[in-house]
Amino acid sequence: MRENLKFILTKAVEFILTLLVVSFFTFAAFSILPGDTASVILGPEATPEQIDSLRQELGLDKPMVEQYLNWLAGTFSGNLGQSTAFNVPVSSLIAQRLPVTLGMCALALIIVIGVSYPMAILSSRKPFHLADQVFSIIGHIAFAIPPFVLSLLLILLFSNLFGYFAVGQYYAPTDNFGGYLNSLLLPSVCIAIPKIAMIFKFLRSSIITEKASDYIKTSKAHGLSDFSILIRHVLPNTNVSAITVVSIVLSDIIGGSLIVEQVFNLPGLGRLLLMGISRRDFPLLSGMVFYLALATVIIYFVADILNNLVDPRMRLK
Amino acid sequence: MADRKAKLSTSKVNVKLTSDLGRISFVVGACMLGFVFLVFLISVFYTPYNPNMTDASNILKAPSFEHLFGTDHLGRDVLSRIMSASKYTIFVSFAGIAIALVLGMLMGLTAGYWGGIYDKAIMLLSNSIMCFPGILLALVAVAVFGSSMLNVVFALGIVFSPSFARVLRTGTIAISNREYILHAKILKVNPFRIMVVHILPNLLTALIPAVVIGLANMTLFESAMSFLGLGVQPPAASYGKMLSDAQSYVTTSPWLIVFPAFMLILYILGLYFISEGVRIRTSRGGTIE
């Protein structure tokens with residue numbers, strides 16, 4: 001128990017340090033602009049008065065350290081300031097777009113786990129036999145297709161041939177939950193497919209290694225069925241725990257959804273980010289970048305802690 | 001006894017199969033990559049049409065003998081554009097990886113060699129870079145510094161450096177304990193010479209698959225950025241940009257999507273197969289992984 005506590009404490013310190021570095025990077029990226037931030041945002045036609053008033057509004061007239069501390073305090077209280085392009089608080093813009101991206105992440109995660117585990121289990125039953133070879137080759141190809149190419153190909157396939165999935169339509173979850181799920185299904189599949197390939201590869205080799213170990217032979221000799229050996233011994237002991245799988249997939253999905261949203265015309269965080277980039281809306285961008293990175297840091301932190309609590313082998317390392 | 005013999009023979013088959021698989025994937029991958037490089041080489045000297053020449057009388061024409069891969073919404077020849085786009089894909093991926101390797105070596109070798117607080121700080125830095133969803137960091141860098149090809153290359157180089165730093169650091173820690181490194185230290189060999197001449201060559205087996213995979217992932221990122229309009233700037237052709245232009249014509253002109261997508265996938269898949277082949281061969285052909 002003391003070791004656990006010590007581990008959690010060191011991880012927590014690491015977590016906070018990482019957060020500080022991440023926040024500093026984010027802030028610095030938008031502050032070390034060549035030239036004056038306010039004039040960059042407003043463009044070449046701005047008058048000096050306009051620039052001055054924007055500088056005051058953004059707090060750019062204050063010293064750098066104070067700006068950073070203010071910004072950092074703002075991110076934690078959810079007060080990220082006004083978006084310069086939309087003239088509304090950044091936090092409300094993000095909150096408005098969140099259901100799309102979150103829904104897609106959740107759906108994609110369910111698809112990844114629902115497909116990759118059965119595939120890996122089937123594949124590892126008889127390594128190098130037909131099913132395994134087919135899955136491995138499909139896995140390789142799926143891994144090599146960029147998500148946006150996959151989306152275009154799937155749109156080509158589904159909309160043209162079958163007339164399914166109205167592309168580019170989106171319903172809010174509160175209005176029409178079925179429509180909401182339907183509009184997110186194809187994008188989620190596009191994000192999920194490369195991840196399925198990745199997780200399948202990890203899981204397959206780790207199940208095969210685990211199955212070759214001596215204690216599995218003993219359990220077989222004791223008369224346990226293949227199924228119960230798989231569920232009770234092999235899966236919990238694989239090098240890639242389910243927790244690690246979820247954490248890797250989640251952090252990757254966040255990045256993937258940004259692009260796929262663009263193809264499917266979904267009003268999610270990715271669209272917002274691109275609008276921010278094209279309109280040079282720095283308060284919006286810095287807030288979004290920090291929150292997305294924060295989500296990743298939290299996912300990894302929680303996964304580390306859970307892995308440690310669940311799997312005693314982790315403590316020995 | 002019989003069972004044991006059977007077991008032995010299957011494991012032998014597996015060893016043979018894996019090493020064969022390694023060779024096959026390497027050859028298949030090399031062929032795919034070779035094809036893309038061939039297209040690139042030809043495009044340097046010859047393309048059927050000028051890739052950026054618009055032709056108002058030939059808009060969105062389906063593939064024919066005149067335009068083998070059809071024409072796009074501005075009447076440009078798709079085959080010529082695909083050929084000339086190969087150079088950006090190849091250039092960005094190789095240049096980006098070169099930068100990532102240099103940065104990764106600077107971080108990984110020194111962190112593994114010196115250890116201590118310095119190591120902790122470097123690891124914190126690289127972990128923090130890894131916390132930004134990769135594409136996000138590159139997008140932001142381009143948003144802040146403007147979207148030119150060099151910015152894309154540098155941004156992607158920084159994004160990919162932690163992955164090399166990690167591989168090199170782990171390897172360096174394992175090797176620094178060897179006696180010959182100790183001898184070199186006693187002889188007061190310059191630490192940078194020890195790292196580059198005595199440690200680095202031992203890490204190549206781990207580094208080469210990482211580099212090849214890095215090239216493939218770099219291409220994925222580059223094409224995604226061009227797709228979002230933040231990579232190579234028009235009128236120059238790149239696969240990502242061609243695909244994003246083709247988006248509006250998905251239903252009417254599928255050739256605009258199929259051909260660039262095919263080349264892009266061929267390049268990435270070729271790299272994956274090569275890395276798989278190298279990985280299997282360097283793991284001494286014995287393990288079933």
Side-chain angles (χ1 to χ4, degrees), chain A residues 14 17-22 24-26 29-30 32-34 40 127-128 136 140-141 143-149 152-153 155-156 159-160 167 194 204-206 208-209 212 251-252 254-256 258-259 262-263 270 273-274 276-278 280 282 285-286 288-289 292-297 300, chain B residues 10-11 13-14 17-18 21 25 120 123-125 127-137 139-147 216 219-221 223-225 227-230 239-240 243-244 246-247 250-251 254 257-258 260-261 264-273 276 287-289:
Chain A
E14 242 173 65
L17 279 177
T18 315
L19 261 191
L20 280 178
V21 177
V22 163
F24 179 74
F25 275 164
T26 315
F30 291 99
I32 53 164
L33 277 171
V40 170
F128 297 107
S136 295
H140 270 302
I141 296 173
F143 205 50
I145 305 181
F148 64 91
V149 176
L152 286 173
L153 294 177
I155 291 176
L156 204 65
S159 314
N160 283 14
V167 171
R204 174 185 167 273
S205 70
S206 120
I208 290 176
T209 328
S251 65
D252 270 20
I254 294 175
L258 300 182
I259 299 156
Q262 193 65 16
V263 185
L273 191 79
L274 283 169
I277 289 176
S278 63
R280 309 197 72 88
F282 288 149
L285 284 179
S286 58
M288 283 185 70
V289 170
L292 287 174
L294 178 71
T296 318
V297 182
Y300 282 145
Chain B
T10 52
S11 76
V13 168
N14 283 342
L17 249 172
T18 32
L21 265 183
S25 349
K120 288 243 161 57
M123 278 300 105
L124 182 65
L125 186 72
N127 281 341
S128 308
I129 296 179
M130 281 181 130
C131 282
F132 293 97
I135 190 88
L136 191 67
L137 202 62
L139 284 178
V140 166
V142 170
V144 172
F145 296 107
S147 52
T219 312
L220 281 174
F221 277 48
S223 60
M225 289 178 71
F227 182 80
L228 298 175
L230 294 165
Y239 295 131
L243 286 165
S244 90
Q247 254 191 103
V250 175
T251 46
I257 289 178
V258 173
L264 190 59
I265 293 170
L266 199 66
Y267 184 65
I268 299 171
L269 199 59
L271 286 166
Y272 274 133
F273 275 132
E276 190 70 359
T287 45
I288 324 167
E289 270 184 303

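Residue numbers begin at 1 in each chain, while the letters A, B, ... track the order of the sequences.
Considering every non-hydrogen atom in both B:Q247 and A:Q262, the closest pair reads OE1-O, 4.1 Å.
With a 4.5 angstrom heavy-atom cutoff, B:L230 touches chain A only via side-chain atoms. The contact between B:I257 and chain A is made entirely by side chain atoms (from C-beta outward), counting heavy-atom distances below 4.5 Å. Looking at A:L17, the atoms closer than 4.5 Å to chain B (heavy atoms on both sides) sit in the backbone and in the side chain alike. Neither the backbone nor the side chain of A:L20 comes within less than 4.5 Å of any heavy atom in chain B. In this structure, the portions of B:A261 lying under 4.5 Å from any heavy atom of chain A include both its backbone and its side chain. Only the side chain of B:F273 comes within less than 4.5 Å of a heavy atom of chain A; its backbone N, CA, C and O stay farther away. With a 4.5 Å cut-off on non-hydrogen atoms, A:V149 touches chain B through its side chain but not through its backbone. Neither the backbone nor the side chain of B:L266 comes within contact range of chain A; no heavy atom of the residue lies under 4.5 Å from a heavy atom of that chain.
The CG atom of B:L139 sits 6.5 Å away from atom CG of A:L274, with the distance rounded to the nearest 0.5 Å. Considering CD1 of A:I145 and CG of B:L269, their distance stands at 8.0 Å, rounded to 0.5 Å.
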Assess whether side-chain contact (heavy atoms from CB on, under 4.5 Å) is satisfied between B:F132 and A:T26, documenting all intermediate values.
CA-CA 10 Å; B:F132 293 97; A:T26 315; 3.5 Å; yes

Could you walk me through whether B:S244 and A:F148 pass the side-chain contact (heavy atoms from CB on, under 4.5 Å) check?
CA-CA 9 Å; B:S244 90; A:F148 64 91; over 6 Å; no

Checking side-chain contact (heavy atoms from CB on, under 4.5 Å) for the pair B:L220/A:F143: CA distance, chi angles, key distance, verdict?
CA-CA 10 Å; B:L220 281 174; A:F143 205 50; over 6 Å; no

Can you list the steps and then say if B:I129 with A:V21 is a side-chain contact (heavy atoms from CB on, under 4.5 Å)?
CA-CA 9 Å; B:I129 296 179; A:V21 177; over 6 Å; no

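Ranked by heavy-atom pairs shorter than 4.5 Å toward chain A, the options B:L125, B:N127, B:I268 are led by B:I268. Each of A:L19, A:I259, A:L285 has some count of heavy-atom pairs under 4.5 Å with chain B, and the biggest count is that of A:I259.
Under the side-chain hydrogen bond (donor to acceptor under 3.5 Å, both in side chains) criterion, B:S128 pairs with no residue at all, not counting sequence neighbours.
Looking at A:P146 and B:I265, their side chains come closer than 4.5 Å, going by heavy atoms from C-beta outward.
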